[in-house]
Amino acid sequence: MTDRPWLAAYPEGVPADIDPTQYQSLVQLMEQAFGQYADRVAYSFMGKDVTFGETDALSRQLAAYLQGLGLARGARVALMMPNVPQYPIAVAAVLRAGFVVVNVNPLYTPRELEHQLKDSGAQAIIIIENFAATLQACIASTPVKHVVLCAMGDRLGTLKGAIVNYVVRHVKKLVPPFDLPGAVRFNAALSRGAGAAFTQPEIKPDDIALLQYTGGTTGVSKGAVLLHRNVIANVLQSEVWNEPVMKKVPAGEQPTSICALPLYHIFAFTVNMMLSMRTGGKTILIPNPRDLPATLKELAKHTFHSFPAVNTLFNGLAHHPDFNTVNWKNLKVSVGGGMAVQAAVARLWLEKTGCPICEGYGLSETSPSASCNPVTVKEFSGTIGVPISSTYMRIVDDDGNDITASGQPGEIAIKGPQVMAGYWQRPDETAKVMTADGYFKTGDIGTMDARGYFKIVDRKKDMVLVSGFNVYPNEVEDVVAQMPGVLECAVVGVPDEKTGEAVKLVIVRKDPALTEEQVRQYCHDNLTGYKRPKVIEFRTDLPKSPVGKILRRMLRDKA
């Protein structure tokens, strides 16, 4: 077996390796785009376009404002927004100012948000007002001193912005009342920054670009430390991987991608936002992909070429009655990631769009892309493809030894320039997953065939994967176990047609009067949507090992 048997599967023109030293930092990558593509549209949102030049000017103003707060070099700034133009402007501003981006899921509960703000040590947060009440509930016990508040209509112009904000606040009632004294509005921060001095710091490849939080096997969310060079590498890897089909975009037509995945998720952060910066592409921002009619209505207005998504979104769109109102003919690449793509969904998508779903694989710890099917494939392979340029993957046993037999399962381990520097302030957790020779152990059990194609067969950890989001049973159990009336509980994943897997919660009651409704309300208050149990079952006891460890596997097998 050669060192990299998978290279034979690479389409013509895809290099074995990329040169991640082309840029010193993501700031250099972005500033090159700002200069080269100044007049091109960078983002389209609710009918309003923002050019690269405008993104340059606005992010510089916001960077000056942030520097004016007196934060030290390398300070962490949390971003908690859906896909709105303020997000990419804020990312560029935070990085240009010499700070670190902390991506936050806007749907977090106060408990989840508090953990992340404390753990990261974030001193500032840029948050959309829809979730300001969540911040208000926990801000006193976090290090956050500075709050910048965004509204949906901030960048839509005076009239349209006012109308959108009125509808969001008063008609749809999407902004619960909040009180955050001292918070500064986004547009006010821009105005203040416009008159302030901006100092360009020197940013090196090994400086931290972002903390990307991921669940832990222990149930505690940890920050994957992604350096500037890690994300740069993954942008360049993604670019060369897509090149065989993206080069077919007609000359003079701006490459355009649909960003329906949330930008706080590393998949969209790298493969939508940063890759479009590199290629001068336009990104169509979809703030709420769950609203399928609105999503399809937006897609119908555009010519687009690239669509990264998760299985649930491909499936929902393909089954929607409005699907054919969209022109899918220009679509060159559909990348499926975040969760397993189902064969039936892949078949239907190909039949309806003529563009196969190209399944890939990655993790927050790998910035995220590690492997992918060649974009030139015409059919669904059911595998996670082959390692992308500059990436090495292998299958190892519990002692870390290579499993060389084709098709023999073991843990997938990954090495490449996109692999994180470690977990934020958790050397113990980092040591558990990094090998001496620089491989990251994923916790996913897979196989490799003779051609170098990898397939995932199971997970080493008991993680549940809901629509591409990791749910760690320990975290849900820890929360539910604190509920009065619960004696003990266990969480497992069960198959779900829509989300791939769903959370099932099994409870042994201390109080016989405890109801399913009470449990659901408690979970609603303490867990974000995708972590909440879909199935709740009450039992008299839980299966346990001789030492008293709850046997989740037995609950899973029964399910």
Side-chain angles (χ1 to χ4, degrees), residues 11 14 44 83 238-239 241-262 265 267-268 271-272 275-276 279 281-362 369 371-385 467-468 497-500:
V14 175
S44 178
N83 291 355
S238 305
E239 180 187 31
W241 198 256
N242 292 344
E243 180 64 15
V245 290
M246 288 303 285
K247 68 180 181 197
K248 294 178 180 162
V249 172
E253 206 172 282
Q254 187 182 7
T256 299
S257 69
I258 300 300
C259 187
L261 296 166
H265 196 288
F267 190 21
V271 179
N272 275 113
L275 180 57
S276 292
T279 59
K282 174 161 65 172
T283 301
I284 313 298
L285 296 173
I286 306 289
N288 179 16
R290 286 192 179 147
D291 185 344
L292 294 174
T295 299
L296 287 160
K297 192 174 160 189
E298 185 63 36
L299 296 188
K301 299 173 187 167
H302 301 278
T303 295
F304 53 90
H305 312 99
S306 159
F307 194 169
V310 289
N311 184 76
T312 35
L313 185 58
F314 286 128
N315 190 35
L317 292 172
H319 280 102
H320 198 275
D322 299 343
F323 187 82
N324 293 329
T325 59
V326 175
N327 174 11
W328 300 95
K329 291 191 172 49
N330 302 292
L331 189 56
K332 303 283 184 275
V333 59
S334 306
V335 184
M339 64 185 290
V341 175
Q342 294 163 334
V345 175
R347 251 197 318 275
L348 183 64
W349 188 260
L350 178 59
E351 186 185 304
K352 294 191 106 169
T353 65
C355 178
I357 295 178
C358 198
E359 188 172 2
Y361 169 72
S369 306
S371 74
C372 197
N373 279 274
V375 291
T376 48
V377 294
K378 287 287 171 267
E379 66 213 345
F380 180 67
S381 71
T383 72
I384 54 168
S467 295
E497 259 185 23
K498 261 183 82 177
T499 55

**Prompt:** Are any non-hydrogen side-chain atoms of L348 and H319 less than 4.5 angstrom apart?
**Reply:** yes
**Request:** Could you tell me the separation between the CD1 atom of I284 and the OG atom of S276, rounded to the nearest 0.5 Å?
**Result:** 9.5 Å
**Request:** Indicate yes or no: at least one non-hydrogen side-chain atom of C259 is less than 4.5 angstrom from one of I286.
**Result:** no
**Prompt:** What distance separates L299 CG from N327 CG, expressed to the nearest 0.5 Å?
**Reply:** 11.0 Å
**Request:** Give a yes or no on whether the backbone of A318 and the side-chain of K352 come within a donor-acceptor separation of less than 3.5 Å.
**Result:** yes
**Prompt:** Counting only N and O atoms by type, is there a donor-acceptor contact under 3.5 Å from the side chain of D322 to the main-chain atoms of T325?
**Reply:** no
**Prompt:** Does CD belonging to E253 count more than 12 external heavy atoms closer than 6.0 Å?
**Reply:** yes
**Request:** Assess whether side chain to side chain contact (heavy atoms under 4.5 Å, CB included) is satisfied between C355 and L350, documenting all intermediate values.
**Result:** CA-CA 5 Å; C355 178; L350 178 59; 5.8 Å; no
**Prompt:** If you draw a 6.0 Å radius around NZ in K498, do more than 12 non-hydrogen atoms from other residues or ligands fall strictly inside?
**Reply:** no
**Message:** For the OG atom of S257 and the CG atom of L275, what is their distance to the nearest 0.5 Å?
**Reply:** 7.5 Å
**Request:** Indicate, with yes or no, if the rings of W349 and F380 have centres closer together than 6.0 Å.
**Result:** no
**Item:** Smallest separation among heavy atoms of V310 and G468, with atom names
**Value:** CG1-CA, 4.5 Å
**Prompt:** When rounded to the nearest 0.5 angstrom, what is the spacing between OG in S306 and CG in N242?
**Reply:** 6.0 Å
**Request:** Determine, stepwise, if the pair L331 / F307 fulfils side chain to side chain contact (heavy atoms under 4.5 Å, CB included).
**Result:** CA-CA 8 Å; L331 189 56; F307 194 169; 3.8 Å; yes
**Between T283 and N272: side-chain donor-acceptor atoms closer than 3.5 Å** = no
**Prompt:** Considering all heavy atoms of both residues, which atom of E359 and which atom of T383 are nearest to each other, and what is their separation?
**Reply:** OE1-O, 3.6 Å
**side chain to side chain contact (heavy atoms under 4.5 Å, CB included) between L296 and L317, worked out** = CA-CA 8 Å; L296 287 160; L317 292 172; 3.7 Å; yes
**Asked** Q254 and H305: which non-hydrogen atoms are nearest, and at how many Å?
**Response** O-CE1, 3.2 Å
**Heavy-atom pair of closest approach, residues P308 and F267** = CB-CZ, 3.9 Å
**Message:** Students often mix this up, so state it plainly: with edges at 30° and 60°, are the rings of F323 and W328 parallel, tilted or perpendicular?
**Reply:** parallel
**Request:** Rounded to the nearest 0.5 Å, what's the gap from CD on E298 to OG on S44? Could you check?
**Result:** 5.5 Å
**Request:** Give the C-alpha distance, both sets of side-chain angles, the deciding distance and a yes or no for side chain to side chain contact (heavy atoms under 4.5 Å, CB included) between S334 and C358.
**Result:** CA-CA 6 Å; S334 306; C358 198; over 6 Å; no
**Request:** With rounding to the nearest 0.5 Å, note down the distance linking NZ in K332 to OG1 in T256.
**Result:** 11.0 Å
**Asked** Just by modelled atom types, is the F304 backbone N or O under 3.5 Å from a matching donor or acceptor in the H302 side chain?
**Response** no
**Message:** Which heavy atom of E497 sits nearest to which heavy atom of N315, and what is that distance?
**Reply:** O-ND2, 4.4 Å
**Complete:** Residues L313 and P289: closest non-hydrogen pair is CD1-O, 3.9 Å
